[in-house]
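Proteins come first, then strands; the chains are lettered A, B, ... in the order of their sequence lines, and each starts at number 1.
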Amino acid sequence: MNILQELQARFRAALVGLSDASDADLDLIRPAQDPKFGDYQANLAMPLGKRLGRPPRDVAAEILGRLDAADLCHPPEVAGPGFINLRLKDDYFIPHLQAAVGDQRLGVAPVEKPRTFVIDYSAPNVAKPMHVGHIRSTVIGDALCRTLRFLGHRVISDNHIGDWGTQFGMILYGYKHFLDAAAYKNNPVAELARLYRLVSLVMEYYGILDNLPVLEKEIQKQQKILEKLKLEDQNNKKIIEKIKEQDDKVKELRSTWVFDNATRIWLENGSTTPDISKLIPEHKEIRSDVLAETAKLHAGDPENRKLWQEFLPACEDEINRIYGRLGIRFDHTLGESFYEDRLAGVVEELVNKGIARESDGALCIFFPGEKVPMLIRKQDGAFLYATTDLATIRYRMEQFHPDAILYVVDHRQSMHFKHLFEAARLWGYGDVELQHVSFGTVLGEDNRPFKTRSGDTVGLESLLDEAVLRAGEIVSANDDAKPDGPELPPERRREIAEIVGIGALKYADLSQNRTSDYVFSYDKMLAMNGNTATYMQYAYARVRSIFAKGNVDAAELRRSGAEIVLPTPAERALALEILRFPEALDRAAADYRPHQLTAYLFDLANRYSTFFENCPVLRAETDALRRSRLLLCDLTARTIGKGLELLGIKVVEKM
RNA sequence: GCGCCCGUAGCUCAAGGGAUAGAGCAACGGAUUUCUAAUCCGUUGGUUGCAGGUUCGAAUCCUGCCGGGCGUGCCA
């Protein structure tokens, strides 16, 4: 039961015949901003009055004259310039609450018109360990899958893994030159990760070696420009500004040089772990050789192909282990390699249709009014990720016939997706909704991209371990402080810590508007106050604890036919909040923003806390009131549990 | 240079063109023989970067400026 939808339906009927009214006006029916305005408010009389050329209050009065909602709410009031304030009758919504008691879906009706979604998220490069950068895509994508699926849509999740790129060339090179056979036999994943790191360090060394002279030249050039500027009119404000800008530019170049040079020395004198200083001289051509290994793989070289087939399962096992820990699964894992044999055909067709054309030796798709094209084939004949993405769209359209394809990818790729979607439309895929569900960067508490102290990106697994470790400390401290003494054995504490730690990590990400960067903080995500998973899990556990303490069987209670009554404001507020669950899910799904759901859960948990403070449950004055309150507790817990489940977060019975 | 995004309380963030811009943290003051205080209640704190404009109504839409991030032809 969606109260908002019901109100909108009633208003729609009341607006019939009122010229110029449309469904868009119904969007202006909302939950009240302030309790003193009632439960819901309709703000549609103002724009309507404007369009009809009549005083809004008159329009509001006319609408109310036609409105048939006496069963839903008390007589509405017109306030201010024409706000219509609506106060629901308890008799109206209590039966819906009562219905939710016996409903697996908590009164959330499936959508009338299910759509088919393909959701593309996580997409790590499987040749290297997952890191902090993968968490947002993975967590947000998973939450969207779960939420849309629960709402009744058909959802196909597809992990478009990187299993065909240069990273595999690096591992191939490493395997052929640096392999520790015993280590590989013992733990292939760890050895491949070691090889990857080794090769990338040596490559970085030669990259820097090449880059330093270029930097020096550029510094000289920019320095000259700076000197010239200094000779100009020093009273001109614009010149002074330019000098400052130019000075910053030079400084930045110099600091890059200093940093790169320090890295060079660091790599040369053997202070790295592992020490690569002895390897450097023996692998002067590593960068082109790695590319050659990649090219050989793509060309079908039997040895490289065989090795790739050997590596891939190990790499996939590794990421699957982490997905297992995160509770994430995919319907499909169709990586880049899956599309390899389709790319040439895609390019040929785009050229034949006149969508792509040659430019500087590459094949490009140009867009009206845009300077930069999208490249679909390089000068050397190799394909690019744009090519794969186009082939992927075709495959998904043919295989799944989706109404929408969502790409949960960070915002830095917005131009790529703009181009990709435009190209897809030119190619004939104009009907499908193509959405870049973008998100910001994960920052450290210094407001810079989250890195370790030595500057490496943080591995995803160590992130999980740290969150779980800290959660464990909190769980133990709390259990030790319980009034009747600790009740959790060590292994149970560990299980709870895993759920609390990983839940905190996910929730911290999901509760933020995905479009902005977000600042990563263990302390904040594990805080017990505020909008955190821990607070929500705690609210859930407290409810369960009441049932345990009162020796109440929740399932039996639900079947008992006990009635809900709402004698106090705290109970009424909690009851209404429970019924708003469907509205929150709709909002979260509408713009693919899970933080709408977390915000709702936080509101719900807050109302519950107020209720919990004010309304004794087990010690309620009468047995009827006790049973009513137990039902409210149960509904709250189930709603929190379901909401968290849709976010991919688990709950515990005790914590 | 061009393009995209962002700028809200000391900090981290909310706010569907709607009434007095809200939370958490921090600070301060209260509540506990706990139905789990990992809590609750309250106080303080704002020129929503600046200047215009559109509108009955702007944090939100438009224009310009200031500040920041990201991207910008053969990586993904």
Can you work out whether A:Ile84 or A:Leu618 has the more 5'-proximal nearest nucleotide on RNA chain B? A:Ile84
Looking at every non-hydrogen atom in both residues, tell me the closest pair between A:Val652 and A:Tyr540 and how far apart they are. O-CD2, 3.4 Å
Any stacking of A:Phe83 on B:rG18, going by centres under 5.5 angstrom and planes within less than 30 degrees? no
Tell me whether A:Glu653 at atom CD has more than 12 heavy atoms from other residues, nucleotides or ligands lying less than 6.0 Å away. yes
Applying salt bridge (Lys or Arg N to Asp or Glu O under 4.0 Å), name anything that partners A:Glu336, two or more places apart in sequence or on another chain. none
Could you walk me through whether A:Asn478 and A:Glu473 pass the side chain to side chain contact (heavy atoms under 4.5 Å, CB included) check? CA-CA 9 Å; A:Asn478 181 60; A:Glu473 287 166 7; over 6 Å; no
I want to verify a distance call: between B:rA23, B:rA15, B:rG18, whose nearest atom is closest to the A:Phe602 side chain? B:rA23
Tell me the closest heavy-atom pair linking A:Glu340 and A:His298, and the distance in Å. OE2-O, 3.9 Å
Strictly below 4.0 Å: does A:Asn478 bring a side-chain N or O up to OP1 or OP2 of B:rA38? yes
Could you list the protein-to-nucleotides 7-13 of chain B atom pairs, N/O on both sides, closer than 3.5 Å?
| residue | atom | partner | partner atom | Å |
| --- | --- | --- | --- | --- |
| B:rC13 | OP1 | A:Gln512 | OE1 | 3.0 |

For atom CZ of A:Phe37 and atom C1' of B:rG22, their distance in whole Å: 15 Å
Close N/O contacts between protein and nucleotides 41-46 of chain B (under 3.5 Å):
| residue | atom | partner | partner atom | Å |
| --- | --- | --- | --- | --- |
| B:rC41 | OP1 | A:Thr610 | OG1 | 3.4 |

Could you spell out the base pairing of RNA chain B as a dot-bracket line? Use Watson-Crick and G-U wobble contacts where both distances are under 3.5 Å, [ ] for crossing pairs, | for partners on a different strand. (((((((..((((....[...)))).(((((.......))))).....(((((..]....))))))))))))....
Between B:rA23 (C1') and A:Met536 (CE): distance, integer Å: 12 Å
Interatomic distance at C1', B:rA58 relative to B:rC50, whole Å: 16 Å
Using atom names, set out every protein N or O paired with an N or O of nucleotides 27-31 of chain B below 3.5 Å, distance rounded to 0.1 Å.
none

Above 12 or not: heavy atoms from other molecules or residues under 6.0 Å from CG of A:Asp380? yes
When you check the gap from the basic side-chain N to the acidic O, do A:Arg492 and A:Glu487 get nearer than 4.0 Å? no
Per-nucleotide protein contact string for nucleotides 70-76 of chain B (B base, S sugar-phosphate only, - none; heavy atom under 4.0 Å): SSSBBSB
After noting the C-alpha distance and the side-chain angles of A:Ile319 and A:Met130, does the key distance pass the side chain to side chain contact (heavy atoms under 4.5 Å, CB included) rule? CA-CA 7 Å; A:Ile319 61 169; A:Met130 286 175 86; 3.9 Å; yes
What pairs of residues pass the salt bridge (charged side-chain N to carboxylate O under 4.0 Å, His left out) test when at least one of them lies in residues 26-35 of chain A, not counting sequence neighbours? none
Using atom P in both nucleotides, what's the gap between B:rG17 and B:rG71 to the nearest angstrom? 30 Å
Using whole Å, report how far OH of A:Tyr507 lies from C1' of B:rA23. 12 Å
Return the value, rounded to whole Å, for the distance between atom CZ of A:Phe439 and atom C1' of B:rC5. 14 Å
For A:Ser609, answer base if it contacts any base atom (sugar-phosphate contacts may also be present), sugar-phosphate if it contacts only those atoms, and nothing otherwise; contact means non-hydrogen atoms under 4.0 Å. sugar-phosphate
Using whole Å, report how far CD of A:Glu577 lies from P of B:rA23. 14 Å
Which pairs, with at least one residue in residues 594-606 of chain A and sequence neighbours excluded, count as a salt bridge (charged side-chain N to carboxylate O under 4.0 Å, His left out)? none
Using a heavy-atom cut-off of 4.0 Å across all strands, would you classify A:Ala79 as base, sugar-phosphate, or nothing? base
Restricting to ring pair (Phe, Tyr, Trp, His ring centres under 6.0 Å), what partner residues turn up for A:Phe417, sequence neighbours left out? A:Tyr407, A:Phe421, A:His436
Sequence-distant partners of A:Phe367, ring pair (Phe, Tyr, Trp, His ring centres under 6.0 Å), two or more places apart: A:His419
On a whole-Å scale, what distance lies between the P atoms belonging to B:rA19 and B:rC25? 26 Å
Just to be sure I understand the rule, does A:Met655 reach a base, reach only the sugar-phosphate, or reach nothing, if contact means heavy atoms closer than 4.0 Å? base
Can you name the ring pair (Phe, Tyr, Trp, His ring centres under 6.0 Å) partners of A:Tyr339, sequence neighbours left out? A:His160, A:Tyr395
Which residues pass the salt bridge (Lys or Arg N to Asp or Glu O under 4.0 Å) test with A:Arg587, not counting sequence neighbours? none
Just how far, in rounded Å, is P of B:rA37 from CG of A:Asp479? 14 Å
Pick the C1' atom in B:rG46 and in B:rC11, then give their distance to the nearest Å. 15 Å
Name the orientation class of the two ring planes belonging to A:Tyr522 and A:Phe520 (parallel below 30°, tilted from 30 to 60°, perpendicular beyond 60°). perpendicular
In whole angstrom, what separates A:Leu28's CG from B:rG57's C1'? 12 Å
Euclidean distance, atom CD of residue A:Glu621 to atom C1' of B:rC35 [Å, nearest integer]: 14 Å
Does OP1 or OP2 of B:rC35 have a side-chain N or O of A:Arg619 closer than 4.0 Å? yes
Check whether A:Phe366 forms a cation-pi arrangement with A:Arg357 (NZ or CZ under 6.0 Å from the six-membered ring centre, at most 45° off the ring normal). yes
So what does A:Ala541 hit on the nucleic acid, given a heavy-atom distance under 4.0 Å: a base, only sugar-phosphate, or nothing? base
At under 4.0 Å between heavy atoms, what does A:Asn551 touch on the DNA or RNA strands: base, sugar-phosphate, or nothing? nothing
Is the shortest side-chain N/O distance from A:Tyr535 to OP1 or OP2 of B:rC40 below 4.0 Å? yes
Salt bridge check: are A:Arg629 and A:Asp634 linked by an N-O gap of less than 4.0 Å? no
Select base, sugar-phosphate, or nothing to describe what A:Pro47 touches, counting heavy atoms under 4.0 Å on all strands. base
Indicate, with a heavy-atom threshold strictly under 4.0 Å, whether A:Asp27 touches base, sugar-phosphate, or nothing. base
Heavy atoms of A:His134 and A:Pro124 approach each other most closely as NE2-CA, 3.6 Å
Could you check A:Met46 against A:Val543 and say which one's nearest nucleotide on RNA chain B is further toward the 5' end? A:Met46
Give the intermediate values and the outcome of side chain to side chain contact (heavy atoms under 4.5 Å, CB included) for residues A:Ile135 and A:Leu460. CA-CA 7 Å; A:Ile135 193 164; A:Leu460 188 46; 4.0 Å; yes
